[in-house]
Every structure is written in structure tokens, then in C-alpha cells.
Amino acid sequence: MRFWEKPFGKEKPKTICGEIHIINDRCKGCSFCIEYCPRNVLEVSKDFNKKGYHPPIVVKPDMCTFCGLCEMICPDFAIFVIEKEDE
Amino acid sequence: MFKKSRLIGEYFMQGDIACAEGALAAGCRFFGGYPITPASEIAERMAMRLPLLRGVFIQYEDEIASIAGILGASWAGAKSMTATSGPGISLMTENIGLGMMMEAPCVVVNVQRGSPSTGLPTSWGQSDMMQARWGSHGDYGSISLVPNSPQEFFDLTITAFNFSEKYRLPVFIMADALVGHMTEKVVIPPVEELEIIDRKYTNKKPEDYLPYDYGKNLIPDFAKAGDGYRYHTTGLTHDKRGYPNMTFECQNELVPRLVNKIKNHVDDISLTEEYDIEGADVIVISYGITSRTILPAITMAKKKGIKIGYLRLKTVWPFPEEKIRKLSKKVAGFVVPEMNLGQISLEVERCAHNDSIVKLVPHPGGGIHKFEDVLHAIEEVAYGK
Amino acid sequence: MANNTAQLQEKSHPMEDLLRMDRMPHIWCSGCGLGSAVTAFVEGLKKAGVSYDKTAIVSGIGCTGRVAGYLRLDSYHTTHGRAIPFATGLKLANRDLTVVVFSGDGDLFAIGGNHLIHAARRNVDINVICVNNFIYGMTGGQNAPTTPLGAYSSTAPFGNYEMPFNLVGLAAASGASYVARWTTMHARRLTDSIATAANKKGFCFIEIVSPCPTVFARKNKGGTGLDMLKEFQTRAIIDHDADPTTIPLNMDNEIVCGEFVNDDRPTFWENVQAGIKARLEKFANWEEMQSNSRKISHKKDRKYTSSRDSSIMRRNT
Ligand SMILES: Cc1ncc(C[n+]2csc(CCOP(=O)(O)OP(=O)(O)O)c2C)c(N)n1
Ligand code: SF4
Ligand code: SF4
Ligand code: SF4
Ligand SMILES: [Mg+2]
């Protein structure tokens, strides 16, 4: 899925992107967020959280478009994004 | 303004109608019910009167919905009531327990019929007395008031609302078909002469409010839906925040409190009527309509020279244990005529322990006691068999 | 990076104002759709712009029944199946409230089925959100009235013999003003639906098809919660014009989603008001009665000489 393209001949425009917050210990490792992130920002972490689940980890922070899907689909209120303006 | 919009004066009125009028006088503005003989007239009366007082009447799809509905209305701050008979109460019991656990004030009227099962729909009995005390599963304190006339049906309905508001629980009125369908003089006093108690609303701010925090009297302050308290309440064992807590400690704090909030106030709740108790050899204990049908036996016994006293329970639950215990040390025995095969007499036996004789005069309902039977029992006790 | 996320944890979750964070983590299993349904509900409420102080949530019993306990609203966790009549009482006694019932398929359609069809028939102004996981989750995977024909459950070890209910069909046929079905996958559309219902008068019904990996999937080889979501994704189609009575769910057919009914018909309370008004206009001025109910209610010294009352003794059951 592509949300925008770099307009021809222009510098990178001002883009909206998200700042991802993961509340590791609340996560139950269902991978919903990882699977449904359209930009593949997240991956399964190798670490365990307190409950023994593998929480997601942000691997491509710059790809995040603040679509909010991860936050909406997470059944454990363990991930959320807030808007961050890139230069 | 609402309080005034009701009848005042003397009426020739049916018991069920008097009950409905009593509820309105007490401030009841929500009625949810399902038709059943001999309680339907209460619903019919409410259907006619409530809309004019800007109250809500709803005929639900069954009694389970009715009790659930009045609990909901209670949380919205309304004084709410339902009225039914034995079969309906049997359906309601689970949610009566919910009302006890959530501590939602409301009034449940049982116009008793001959039981068990469908029994005698148009006839009377007093065989649901234990159900009123123990009907829902688990331990909880409960209050049951028993009227013996249309006038008292009116009065005790007001009292029932007062107790429910004050102690925050569903309160039973245990009438019977005879009282419910009897038409007698009912005097409705002006509103100023009635004592009306409203539940105690919290004066705390929402951030400080705990829905199940209690003081010395063991009764939490109330907050209604829509006032910004955003509290939680549940039928699960819960802590002071109203949150489920599945520990022994929490159970051990909550359940004894539900019992003790009533137990500690027996003196306030227990309403009795007594005649010639001092120096009596035999005391007749009765309640509800039986207290009127057996009067000839008492008069006869008196004529025969038996020192007879008479104790009528208007409040059957909580049972006036202390009172009976004390009396049992002074008298030869008790005679308990009731329209069932032995329910309240068991309570009397328990309290009398071995100090005095307790004689049940049973009746299965659908008629009235033969006064000879009662007299016979009195004599047996008085003359030591 | 790891450092970065750890530090970011300090920030609070944007739904904190509507969730009881002191009760997190919730009891639901990993991969259960219930949390997603709650998120959609919270977002839906925000979108609808209703006052949180004036919103009450009522649940029955079950995994879904626990929803009320996690929402920072006036919240009532009632008995099994009785959330709807409880909510009806709450709403009618305080008509300023937005009252939402959030409960499971077993709660609302088995033990509470009668209440649901009657509330829809009356068109009481409440919203009912039903999480359909095709099973009794909380009690360990017994047959529900939604369990597809042939599916396994702990009380259908040889496969379910009973036809399931089509929830949207039943709600629509019973007279609901608004009927929709989504899966937990349809996060945004579900959110919109919840917002629409919150601002709509009358009985609104939303079915949320949700994965229960722990009991339903395990009995039926459905895999993890993620596998179930993917399956929903392949099976789901959106068709707002579908006739809700013709779109039952079974093990592998299309999950037809959409807003199937969006009607306006008078609510219970509107009908009550209209009925009383029509009747009383014959006798007095309605406006006047509104401002002074006493005048109408009774002539002060009317006595009830009861030819009517005494006849009651002769009546039967
Ligand atoms: C009167 C009564 N009967 C049975 C139960 C046990 N019980 C608790 S939850 C439940 C089933 C809930 O199923 P559903 O509504 O589908 O909720 P889910 O757990 O699937 O979300 C049952 C039968 C109960 N609590 N009360
Ligand atoms: S906001 Fe969207 S793009 Fe960013 S991580 Fe979440 S799902 Fe991926
Ligand atoms: S969706 Fe939530 S619970 Fe599931 S892996 Fe992502 S953060 Fe964890
Ligand atoms: S049993 Fe099923 S419905 Fe219940 S919490 Fe677990 S996954 Fe969810
Ligand atoms: Mg279920």
C-alpha cells in the first residue's frame, strides 16, 4: 500500500509521521499490529516481556505514516502512535 | 410538587391499589412488572397513575426483566418497584441477589398465592416467607414487611421504600391475595405527615468517590448514573472501588457487611405490635392476614382465663431474635399459626431454644385457620399438654 | 531503538480517559478480539461526541461481559442475559443518558434472547453491541446459539447439530432501528458504526464477529487469533444493501458485513408520550398538565367506591 509519492522534481515534502509507543508489559504477543501495519514498521522482538510474550519492536520508525491501524487493532491497549511532524 | 400529586383523604380501597398509592406517596416513579394474579392490580394502577406523575411504567416481557429493570432504574436515581406473586418471585431471585450485591434500593412486592408452583392463583397463602429470606443464593441481610390490611399495605409500602433507601437493598413486601384483594377503608394522610426517606447521595467529588466505601453504619453513599462519577458496580465480589476482586479478604469484608448492615439495625427495622405481653403464659405470634383470622381464638382463650399475649410481626425479616429469646425465658410457650406448613415457627423454635414450647398451627393456604385449632394449641401450651 | 521505545513508554495511552487503566492488563487471552472491539467502542464514542459523563455501559456475564468493568464510564456488570432489561430501566429512568449494552452472543441470544427481541420490538433507545465469537468463551467453549452447524464445541464433541441464529436477521426482524455487522478486522468501519449508533435514537444493534482463539479456534482448528483475523479478511465482504435475514454465518461462507438497517421509527418513550397526550387532550390541556400534574391526576376528594375493585375477586389467573 502506498500513501503518497514523492512529487516529481520537488524536495521531500513535509510529511506526517507517527511516533510509536509500545507498552511492553501490557502486550500479549498476538502480532496483530505487526501483521496489519501497512508499512511493515514493526517486527517481533526477540525479548520477552514480564508475562513471557514477545512484544513488537519498531524496526523502521521512519516508515510510519501515523495511520493508527496498529493502535486500533491492538486488543491489549499496548501500542499507540502520536503525531510527529517531520521537517 | 410531585409529592403532592396524589390522593389525600379517606377511601374505600383495594389492598393492591393501596399498595400502588403508597408507592406513589413514597416517591416511586418507576414501575416494571409482568401481570400475575393476585398482583396485577398494582401494575394496572401504576400504569394509570405513573404517566401523569411523569414517572415510567413498563410492562416487561417477564419477571426477570422486571427486576433487572427496576435495578437499572434505581441506579438512575429513581425509586423503583415491581409487584408479583410466588411464580414471579421464583424467576426474580437471581437478580434479587444482584440487587443485594450491588446494593441497589428498590421494592419487590409479593402478593402471595397458595403455593408451590402455580398453586392457587386466586387464593392466598404465606408459604413464601422463607423464600423472601433465602431465595437468592448466598448470604445477605434482607428485609421483609408483612401487611395485614389494605391500610397497612399502604403504610408498609412507604416504610419499605424508606428502608430500601436507607439501607440500600431490595426490600420485600410480603402481602397475600386476601390482603391484596380485600377492600377496606384506607386513610391517606397529607404528604407532610408522612415520613419519607431518600437515599444518601455522596457529597464527595468524583475523583475522591469510592462507590463501596462505607462508614460506621456499613452503608455506602450513593451516586447515580449520569452525574459524572463514572463508577463501576458488579455482581462479582468487589472492593471499595467496585472492582471485581476474587480474594478471600475481599469476600470476607464484603459479605459480612451485607449481612451486618441489616443485623446491626434490627431495632430500627423491626416493627411489631404487641398486646398483653407482660406476664403472659402463652404468646401467640402471627403475621399478615393470619393475625386477623385467628383473633377469635385469642378472645376465647382470654375468656377461659388463660394469660395470653399476642405479638404481631410487621417486620418478619430481620427476625426479632433478641425479643423472642427474652420472651422465651418468661413464658410457657409460643403458638405460631401461619398459612404454611412451618416456616416462621422454625425461627421461633430456634430463638426459644429449649426455654419454652413452640407450637405451630399450620395451614396450607387457600382458606383460613379454624379458630378451634388455634385455641386447642393455646390450651395445650397453657395447660402443659 | 530499544532505548528509544523504553523511554517512550512514559507517555500515556490516548484512551486512558475512557479506560480503567488501574485494571490493566485485562483478563482476555492473547489474540482475543475483545480488546479490539473495546478500542473501536472508545474511538466510536469519541467520534460521536457524546458526553462521557452521560454515557452508561451495561454488560451481562461472559468474557464480553467483562467489558463494562474496563470502561471508565458509569458501568454495570449485571447477571447473565439481563443486561438489556437493566439498561432499559436505566435509560427510561434517566432519558438524558446514552445507554450501551456490550455483551456476548450467548448472553444476548441464548439466556437473554427474549429480552433482546422485546427491546427491539419496543424500540427502546439503547444500543446493543454483541460480540459474536461463536461460542461460550468464559465457561470453556460450550455450544452457543451462534455455533455454526457442524462446528465442534465442548458440548458438541461430534459437531454441533443445531442451526445457529443469524443475529442481524433476528434483530432486524424484531424491529431494530439500526442493524450492522462487522468483524474486529474492520476497525474503522466498526468505529463509524458505533458512532452512528451513539447518536441515533431507537434500538441499535451491532454484531461484532470476533476471534476466540482459546476455545473456538482450538476446537475447530482455527489457529491463532491472527489466523482467524486473516480468515475473516478473506471471508468478509461488505454489502450495505444485503437483506440481513438472508446472511447467516456458518463455518466457511462469506461474512457479509455492512449497515443493513438504518430506519427512523418512534421510540418506546416517544410512543408513550404520544399515547398519553392523545388520551389526555380529550380531558385537559396537555401543556398545563405538564406544568401541573396534580390538577389532572385526581380530583382531590374523589372516593373509590369500588364496583370495579370488588369484581376483581372473581377474576382468574
Ligand atoms: C444464570 C447463569 N447461568 C450460567 C452462567 C455461566 N456462564 C457464564 S458466562 C456464560 C456464557 C457466556 O457466553 P457469551 O455470552 O457468548 O460470552 P463470551 O464469554 O463468549 O464472550 C455462561 C453460560 C451464569 N453466569 N449465570
Ligand atoms: S501507525 Fe500505521 S504505519 Fe505506523 S506503525 Fe502503526 S500501523 Fe504501522
Ligand atoms: S497488537 Fe498489541 S498485544 Fe498484539 S503484539 Fe501488537 S502490541 Fe502486542
Ligand atoms: S476465551 Fe475466547 S473470548 Fe474469552 S478471552 Fe479467551 S479468546 Fe477471548
Ligand atoms: Mg460468546
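Letters A, B, ... are given to chains in the order of the sequence lines, protein chains preceding strands, and every chain is numbered from 1.
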Atom pair CG/CZ of Asn24(A) and Arg26(A) - distance to nearest 0.5 Å = 11.5 Å
When you compare the side chain of [Y] with that of [X], does any pair of heavy atoms fall below 4.5 Å?
X: Thr55(C); Y: Leu71(C); answer: no
X: Thr98(C); Y: Lys54(C); answer: no
X: Ser59(C); Y: Arg66(C); answer: no

How about His240(C) and Phe260(C): are their ring centroids closer than 6.0 Å?
-> no
Do other residues, nucleotides or ligands put more than 12 heavy atoms under 6.0 Å from the CZ atom of Arg189(C)?
-> no
Under 4.5 Å from any heavy atom of chain A - which part of Thr184(C) | backbone
Contacts of Ala40(C) that satisfy side chain to side chain contact (heavy atoms under 4.5 Å, CB included) - sequence neighbours left out = Leu190(C), Thr191(C), Ile194(C)
Given a strict heavy-atom distance threshold of 4.5 Å, which part of Ile82(A) is in contact with chain C: side chain, backbone, both, or neither?
-> side chain
Does anything in residues 25-34 of chain C get under 4.5 Å of chain A by heavy atoms, and if so which residues?
-> Pro25(C), His26(C), Ile27(C), Trp28(C), Cys29(C), Ser30(C), Gly31(C), Cys32(C)
Checked Gly29(A), Ser31(A), Cys74(A), Pro75(A) vs chain C; the most non-hydrogen pairs under 4.5 Å come from Pro75(A)
Can you say whether the rings of Phe216(C) and Phe134(C) are parallel (under 30°), tilted (30 to 60°) or perpendicular (over 60°)?
-> tilted
Hey, which of Arg188(C), Met15(C), Glu43(C), Met24(C) has the most heavy atom pairs under 4.5 Å with chain A?
-> Arg188(C)
